[in-house]
Amino acid sequence: MHSGIVLFATAYTVGVAELARRAEALGFESLWLPEHLPIPVGRLTPPTGGGEMPEHYKHLLDPFVALAAA
């Protein structure tokens with residue numbers, strides 16, 4: 001069986017390149033980063049569930065750039 005790692009990578013999580021090196025050393029075969037639609041600067045409707053938009057969405061890394069670094 002092959003196992004991989006998925007990370008919702010933001011500016012505050014572990015560095016993706018560091019994580020990739022460690023995952024490979026531990027025998028994981030893949031690293032997955034989710035993509036999120038563009039986050040608007042402003043909005044007229046509240047996010048699903050109400051309240052404010054979670055702060056970590058504003059700091060989500062671009063998966064293609066982060067995986068290129070890995």
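Count residues from 1 along the sequence.
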Kindly give the heavy-atom pair with the smallest separation between A69 and A17, and that separation in Å. O-CB, 3.8 Å

Starting from F28, walk the hydrophobic network (Ile, Leu, Val, Met, Phe, Trp, Tyr; side-chain heavy atoms closer than 4.5 Å) and list everyone else you reach, by chain and number. I5, L7, V14, V16, L19, L26, L31, L33, L61, L67

Nearest 0.5 Å, what's the CZ-CG distance between F8 and L60? 4.5 Å

Under 6.0 Å from the CD atom of E29, do we count more than 12 heavy atoms belonging to anything else shown? yes

Supply the members, apart from W32, of the Ile/Leu/Val/Met/Phe/Trp/Tyr cluster built from side-chain contacts under 4.5 Å; use none for a lone residue. V6

Under a single-linkage rule joining Ile, Leu, Val, Met, Phe, Trp and Tyr whose side-chain heavy atoms are separated by less than 4.5 Å, which residues share a cluster with V65? none

